[in-house]
Amino acid sequence: MVDYLIVGGGIAGLCFAELCYQNGKSFKLVTDASQNSSRIAGGLYNPVILKRFTGLEDAGLQLDYLEEFYSTIEKRIGVQINFPLPLLRKFFSVEEQNNWYQAADQPKMTPFLSTTIVKKVIPGIDAPFNYGRVLRTGYLDTLLFVETYQHFLDCNGDLFSESFDHSTLKIKDDSCAYNGIEAKKVVFAEGFGIHANPYFNYLPLDGTKGELFIIKAPELKLTDIMNTSVFILPLGGDFFKVGATYNWHDKTDVPTEEGKEELVSRIKEILQCDFEIISHMAGVRPTVKDRKPLLGSHAMHRNILVLNGLGTRGVMLGPYSARMLFQFAENGTEIPLHYSIARFKKKSV
Ligand SMILES: Cc1cc2nc3c(=O)[nH]c(=O)nc-3n(C[C@H](O)[C@H](O)[C@H](O)COP(=O)(O)OP(=O)(O)OC[C@H]3O[C@@H](n4cnc5c(N)ncnc54)[C@H](O)[C@@H]3O)c2cc1C
């Protein structure tokens, strides 16, 4: 019997698998490729809401753990996946500059907002009001993470590449059985795929489709991350990842003409140079209306757990949330209400 059966091999499920490794717990992970949010994500981590220059809840704690967590994984799989990189916010007016200074003066924002205005000439971008720099930022190469970590699990015989069929799961008081696998607990980390899960599909996970491009722009000499109405992430050479759109109606992962037009017009607002679209991708973010994760156990079956709702910030929230759920499952450590499915009282604990 293994300690955990994990369903879903995106950021959430893989973070939980890593927690099992770090704590000597045995597990098997079942995943298909029906959702691809983790594979195509921008991968940025940034503690600041750049529209308002305010901080995200628990940002400092999440970043402290993020650094340690991904660096442990890098050592284990022998590949760099976390790339710390400065993030610049282009100012569009003097008023924005002033708002930035005001925000940076607040004690809770000092760790995240530099008070030095960045007066950099970046060929390809016109910025007469210069830039502000957010601190403690970077990106996770999420595709590399998912592929190398899944390969690592596969080599250990811990990965099953198949769709999970919920109807064949047998739940007993202190264990579960699925297709010949006996596990003490099951962790569902299916992203937007939660809608096919009879145990947790009552949770209000809406899903927000996002589209992004890889572009080639030889005249753009950007080496930092730029974030304004879109983010521009330098990938090396003349290539950049640019995104993303937000669509609350379409729940498919098919790139659209509408998404393409929107991205092109937003890129043209920022770039004063030519660019060529190399690829166009789409995925559905597992978003919840209150923008908080969904962690906890099923009201009737305590050994059935959920790790979802990472929304637009899976890179920062993934490790932190997985640890919270792991400590809950192992030691009964209470999950704070704003991370817990207990805030949706109807059927959960
Ligand atoms: C365009 C875009 C840009 C983004 N940019 C960023 C960013 O810059 N920074 C950031 O932090 N986040 C970003 N995100 C959000 C981030 O991608 C998500 O928060 C994160 O990937 C969610 O991970 P997850 O593991 O919960 O879900 P998913 O990535 O959806 O993974 C769920 C996994 O479970 C599998 N699965 C589902 N159902 C079943 C089943 N029945 N059987 C077997 N397997 C199943 C799916 O196939 C998938 O592999 C972005 C998302 C999009 C779409």
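Fair warning: this is a prediction, and the values are worked out from it, not measured in the lab. Note that ligands are numbered from 1 as they come in the structure, with each ligand's atoms numbered from 1 the same way.
Around atom 15 (C) of ligand 1, the closest heavy atom drawn from Gly13, Gly318, Cys15, Gly311 belongs to Gly311. The heavy atom nearest to atom 32 (C) of ligand 1, out of those in Gln150, Met281, Glu190, His195, is found in Glu190. Proximity annotation for atom 29 (O) of ligand 1: of Gly10, Ser38, Ala282, Gly43, Ser38 comes nearest, heavy atoms only.
At a heavy-atom distance under 4.0 Å, atoms from both the backbone and the side chain of Thr31 approach ligand 1. At a heavy-atom distance under 4.0 Å, only backbone atoms of Ala189 (N, CA, C or O) approach ligand 1. With a 4.0 Å cut-off on non-hydrogen atoms, Pro286 touches ligand 1 through its side chain and not its backbone. Residue-level proximity to ligand 1 for Lys209 is absent, since no heavy atom of it falls below 4.0 angstrom.
Counting only N and O atoms by type, the side chains of Thr252 and Lys209 include a donor and acceptor under 3.5 Å apart. A donor and an acceptor atom, one from each side chain of Ser26 and Asp3, are located under 3.5 Å apart.
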Could you tabulate the donor-acceptor pairs under 3.5 Å formed by side-chain atoms of residues 101-112, not counting sequence neighbours?
{"residue": "Thr110", "atom": "OG1", "partner": "Gln106", "partner atom": "O", "Å": "3.2"}
{"residue": "Thr110", "atom": "OG1", "partner": "Pro107", "partner atom": "O", "Å": "2.8"}

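Evaluation of the ring-ring contact (aromatic ring centres under 6.0 Å, His included) test over residues 214-265, restricted to residues two or more places apart or in two chains, returns none.
Looking at ligand 1, you'll find an N or O of Ser37 within less than 3.5 Å of one of its N or O atoms. In terms of polar-atom proximity, Gly42 is counted as a contact of ligand 1, with an N or O under 3.5 Å from an N or O of the ligand. Close N/O approach between Val315 and ligand 1 is found [any backbone or side-chain N/O within under 3.5 Å]. In terms of N/O distances under 3.5 Å, ligand 1 is approached by Thr312. Distances between N or O atoms of Ser163 and those of ligand 1 include no value under 3.5 Å. Annotation: Gly283 places no N or O atom under 3.5 Å from an N or O atom of ligand 1; distance criterion only. Of the polar atoms of Val284, none of the N or O atoms is found under 3.5 Å from an N or O of ligand 1, judged by distance alone. When only interatomic distances are considered, the shortest N/O to N/O separation between Gly8 and ligand 1 does not fall below 3.5 Å. Taking only nitrogen or oxygen atoms, main chain and side chain alike, Ile40 does not reach within less than 3.5 Å of ligand 1. Of the N or O atoms in Asp32, one or more lie within a sub-3.5 Å distance of an N or O in ligand 1.
Between Phe164 and Tyr178, the distance from one ring center to the other falls under 6.0 angstrom. Aromatic ring centres of Tyr4 and Phe16: separated by under 6.0 Å.
Protein heavy atom closest to atom 27 (O) of ligand 1, with residue, atom name and distance, is Gly191 CA, 3.5 Å. Nearest protein heavy-atom neighbour of atom 30 (O) of ligand 1: Gln35 CB, 3.3 Å. The nearest heavy-atom contact from the protein to atom 42 (N) of ligand 1 is Phe164 N, 2.7 Å. Looking at atom 9 (N) of ligand 1, its nearest protein heavy atom turns out to be Leu44 O, 2.9 Å. Of the protein's non-hydrogen atoms, the one nearest atom 26 (O) of ligand 1 is Ala12 CB, 3.5 Å. At the shortest separation from atom 52 (C) of ligand 1 among protein heavy atoms lies Arg285 CG, 3.6 Å.
For the atom pair CZ of Phe91 and OG1 of Thr228, the computed distance is 12.0 Å after rounding to the nearest 0.5 Å. Note that the CG atom of Asp253 and the CZ atom of Phe192 stand 10.5 Å from one another [nearest 0.5 Å].
Using a 4.0 Å heavy-atom cutoff, Arg39 is absent from the residues neighbouring ligand 1.
Using a 4.0 Å cut-off between charged nitrogen and carboxylate oxygen, Glu330 and Lys184 do not count as a salt-bridge pair. A salt bridge is defined here as a Lys NZ or Arg NE, NH1 or NH2 lying under 4.0 Å from an Asp or Glu carboxylate O, and Lys90 with Glu96 fails to meet this definition. In this structure, Arg343 pairs ionically with Asp290, as a charged nitrogen and a carboxylate oxygen lie closer than 4.0 Å. Salt bridge annotation for Lys216-Asp238: absent, with no cationic side-chain nitrogen under 4.0 angstrom from a carboxylate oxygen. Contact check on Lys251 versus Asp206 returns no salt bridge, with no Lys/Arg side-chain nitrogen under 4.0 Å from an Asp/Glu carboxylate oxygen.
Annotation for ligand 1: atoms under 4.0 Å from non-hydrogen atoms of Ala41 are 3 (C), 4 (C), 5 (N), 6 (C), 13 (C), 14 (N), 17 (O), 50 (C). Close approach to Gly210 involves these atoms of ligand 1, each under 4.0 Å from a residue heavy atom: 1 (C). Atoms of ligand 1 found under 4.0 Å from any heavy atom of Ser34 (numbered from 1 in listed order, with element): 36 (N), 37 (C), 38 (N), 46 (C), 47 (O). Every atom of ligand 1 is numbered from 1 in the order shown, and the set under 4.0 Å from a heavy atom of Leu310 is 19 (O). Of all atoms in ligand 1, numbered sequentially from 1 with element shown, those under 4.0 Å from a heavy atom of Glu162 are 43 (C). Ligand-side atoms of ligand 1 in range of Ala33: 47 (O), range being under 4.0 angstrom from any heavy atom.
Ring geometry, Tyr70 versus Phe145: the interplanar angle exceeds 60°, so the pair is classed perpendicular (tilted spans 30 to 60°). Ring orientation note: the planes of Tyr21 and Tyr149 are nearly perpendicular, at an angle over 60° on the 30°/60° scale. Under the 30°/60° scheme for interplanar angles, the aromatic rings of Tyr139 and Phe83 are found to lie parallel.
The closest donor-acceptor contact from the side chain of Asn36 to the backbone of Arg39 lies at 3.5 Å or more, if one exists at all.
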